[in-house]
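Reviewing the structure listed below.
Predicted model, so just to flag it, every value in this text is computed and none were measured.
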Amino acid sequence: MTENQIKTESALIKKVGDIANVMAAAGVSFTDYITQLTYILFLKMDDEKEEATGIASTIPDDYKWKNLVELSGTDLIEKYEEILKELAKEDGLIGTIFTKASNKIDSPVKLAKIIDMVNAENWYMMEGDLKGAIYESILEKNGQDRKSGAGQYFTPRALIKAMVDVADPKITETVADPACGTGGFLLAAYEHMKTQSKDIAKQKFLKNNAFFGADNTPLVVTLASMNLYLHDIGTQKSPINCQDSLTENYDDAMYDVILANPPFGTRPQGSGEVSTIRTDFIKTSDNQVNFLQHIMSIVKTGGRVAVVLPDNVLTDGNATAKVREKLLKEFNLHTILRLPTGIFYAGGVKTNVLFFEKGAQTKDIWVYDYRTGVKHTMATKPMTRAHLDDFVECYCSGHMADRKATYSEENPNGRWRKFTQEEVYSRDQLKLDFKWIDLTEKDDRTITELLSDMQTKANAIHDAVSKLQDILGGLE
């Protein structure tokens, strides 16, 4: 990115942020603001594209940017709401962007401010990297808004980047995220894949056919679709579907690479019972265990998975233990990355990344402990990609036979350790909560030495108190 691009990006981010602050002061949540910005931005770029290329817009007449931009007052609100309602009915990319769209800005003045801000720039002609970076920055800020709950859709980009780097998706492969949030994994995969070949056919496949994402929240589908669109991915048809991956629109599609951070906990009230639809699943109410089963069912033989899962998936009994057994017997779970707390917007969550392949039984499992003795916070010490450099190096993506443990008898606190097939399968209920690092300081003193040290400290305290009494006595 050139210096001018950086300046343009920072200026636009500030402009977008300033408007967001005005909206927030007026009681409009950042999430509602960014959603409305998405709708308006898409209309503006569609207008720019039609003018620049001469290619007719697929947006129906009467529902375009030109029908909106000259209005004010109640006429503006009424026309905007009409546009949202009608475009939500459209097929393809337009219908996905405007999925269940509704107006959250009831003031004509506020709405006009956003329209004026968008109208002042030419967005379509910006490079995909630039306009995409601007939008990503808005999404990240939205993810940091604890009040909105948007953080549940946002996985730290440093973690995503490391997972993509070691999973190493190729430009000819398909990549899926069945709980895609705002599309972070798919976008990182695209950035990883796009420089692998300049072949026109491969690049076309990459942008139009390589990716699939799903989320059951219309707002998130809108944000994810726009995020990819601004990076020139899925410009005709969004790769994002609005669906419950566990029960809706389930088909036989299979993918080469799965990258995901599925929602944790129990399924929301009103959601369909998974086991009645997915009769191939081991019955459980845990969302994350069902997502693991779903991921196991949609990865191709020989395909690769990197998925963030909480500790209970590695330790719980009953149905979870049965799923774990199936995972070990039918997949090669070769690597586990133990993550620290403080890296997600939901505090205190203990998680791991499981890396596995379909087509062979698990034998040895390599574990990298990036939890014990590691502390991160979102505000003062966020995790960066550099923090995971050692893990990525130890992983040896593409040449796993060269892996070398940093754990040994001489270095018992080494973070990278191999557990043999015998060690794995001998564990109670195949629990996979591997722990070995002990950072507590050991006290090797004998009882006599301990008592002597205590007496020395007691004498020192007595002397200090005596001196203090002498000083205070002299002040009376």
- Task: Decide whether a cation-pi geometry holds between R403 and Y395; the criteria are a distance under 6.0 Å from NZ or CZ to the six-membered ring centre and an angle within 45° of the ring axis.
- Result: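 Yes, R403 sits over the ring of Y395.
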- Has E51 got more than 12 heavy atoms of other residues, nucleotides or ligands less than 6.0 Å from its CD?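 Incorrect, the count does not exceed 12.
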- Do other residues, nucleotides or ligands put more than 12 heavy atoms under 6.0 Å from the NZ atom of K64?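 Result for NZ/K64: enclosed.
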Note: [X]-[Y] ion pair, threshold 4.0 Å (strictly below):
| X | Y | answer |
| --- | --- | --- |
| E82 | K79 | yes |
| K85 | E81 | no |
| R371 | D311 | yes |
| D168 | K170 | yes |

- Task: Could you tell me whether the side chains of N119 and W65 share a donor-acceptor contact shorter than 3.5 Å?
- Result: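 There is such a pair (donor and acceptor under 3.5 Å, judged by atom type) between the side chains of N119 and W65.
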- Item | Heavy-atom pair of closest approach, residues T247 and V274 |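 Smallest heavy-atom distance, with atoms named: CG2-CA, 4.0 Å.
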Checking side chain to side chain contact (heavy atoms under 4.5 Å, CB included) against [X], which of [options] comes through?
| X | options | answer |
| --- | --- | --- |
| L337 | V353, D369, V392, V308 | V353 |
| W366 | R417, H334, K418 | K418 |
| V313 | D286, V307, L292 | L292 |

